[in-house]
Visitor: 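First the structure, then my questions, so here it is.
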Amino acid sequence: AATSGVTTCFGGILRDVLCGRHLALGGQSYAMATGAGSSVYVLLRQMSLAGMPIPLVARILLSAGTTIFVRMWEFVREEPLLRPMHYDEEQHERAKLELQRQQQQALNLVVQPQQP
């Protein structure tokens, strides 16, 4: 899990460099989710090695569940858990308001279709 997290993070950084994008170090919550899931697995493995009977399947499911939970938490909140280093609060609020306006317009079109 740790290797996939490193590969994922480095792949994103490499993509940003090759495409000439601004690097968003510190704004990658998938790395945080992977780290949380990996940490849970390592903790459970250490507990298992210390004599606690924790089956392998339970360790895998709990670590995967942690990773999925962290990603879903961010998705439900509709804002990143970790802000990018170049985060602009005002720009974020404007984008959020624009998205809400577009969603309201789409909802109005669905609720009240236009008459021909």
Side-chain angles (χ1 to χ4, degrees):
T3 324
S4 67
V6 170
T7 303
T8 302
C9 294
F10 183 70
I13 292 170
L14 185 61
R15 176 206 60 219
D16 291 345
V17 169
L18 292 175
C19 293
R21 297 180 181 174
H22 293 289
L23 294 178
L25 299 175
Q28 307 297 331
S29 61
Y30 58 83
M32 181 176 153
T34 304
S38 298
S39 297
V40 167
Y41 181 81
V42 169
L43 175 69
L44 292 173
R45 182 176 178 275
Q46 288 303 110
M47 291 169 63
S48 179
L49 291 174
M52 297 182 91
I54 304 172
L56 176 62
V57 173
R59 294 187 305 227
I60 292 171
L61 291 176
L62 286 170
S63 63
T66 301
T67 303
I68 292 168
F69 173 76
V70 171
R71 291 296 288 153
M72 288 302 297
W73 185 30
E74 178 187 43
F75 179 76
V76 169
R77 288 181 56 213
E78 295 182 352
E79 61 182 61
L81 294 173
L82 299 173
R83 293 183 177 166
M85 291 193 307
H86 62 302
Y87 186 77
D88 181 358
E89 185 74 37
E90 291 177 15
Q91 181 180 6
H92 177 72
E93 285 301 317
R94 286 192 303 269
K96 196 173 180 180
L97 289 173
E98 178 62 23
L99 178 62
Q100 288 173 350
R101 186 185 65 74
Q102 290 173 355
Q103 289 173 339
Q104 186 62 40
Q105 284 180 341
L107 183 61
N108 289 341
L109 290 175
V110 171
V111 174
Q112 301 173 351
Q114 296 178 350
Q115 299 297 326

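What you see is a predicted model, and the numbers here were worked out from it, not measured in a lab.
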Visitor: Tell me whether Leu49 is reachable from Leu43 by hopping between hydrophobic residues (I, L, V, M, F, W, Y) whose side-chain heavy atoms are closer than 4.5 Å.
Guide: no
Visitor: Roughly how far, to the nearest 0.5 Å, is the CD1 atom of Ile54 from the CZ atom of Arg45?
Guide: 12.0 Å
Visitor: Check for a donor-acceptor pair, side chain of Thr66 on one end and backbone N or O of Leu62 on the other, with a separation under 3.5 Å.
Guide: yes
Visitor: Is there a path of hydrophobic side-chain contacts, each under 4.5 Å between heavy atoms of I, L, V, M, F, W or Y residues, that connects Tyr41 with Met47?
Guide: no
Visitor: Using only heavy-atom distances, determine whether the side chains of Gln102 and Glu98 contain a donor-acceptor pair under 3.5 Å.
Guide: yes
Visitor: Quick one: pull up CZ in Arg101 and CZ in Arg94 and give me the separation to the nearest 0.5 Å.
Guide: 14.0 Å
Visitor: Compare every heavy atom of Thr67 with every heavy atom of Ala33, then report the nearest pair and how far apart it is.
Guide: O-OG1, 3.5 Å
Visitor: Can you name the closest pair of heavy atoms from Ile60 and Ser63 and give their distance?
Guide: O-OG, 3.0 Å
Visitor: Quick one: do Met52 and Leu44 end up in the same hydrophobic cluster if we chain Ile, Leu, Val, Met, Phe, Trp and Tyr together by side-chain heavy atoms under 4.5 Å apart?
Guide: yes
Visitor: Check this for me: does any side-chain nitrogen of one of Arg71 and Glu74 sit under 4.0 Å from a carboxylate oxygen of the other?
Guide: yes
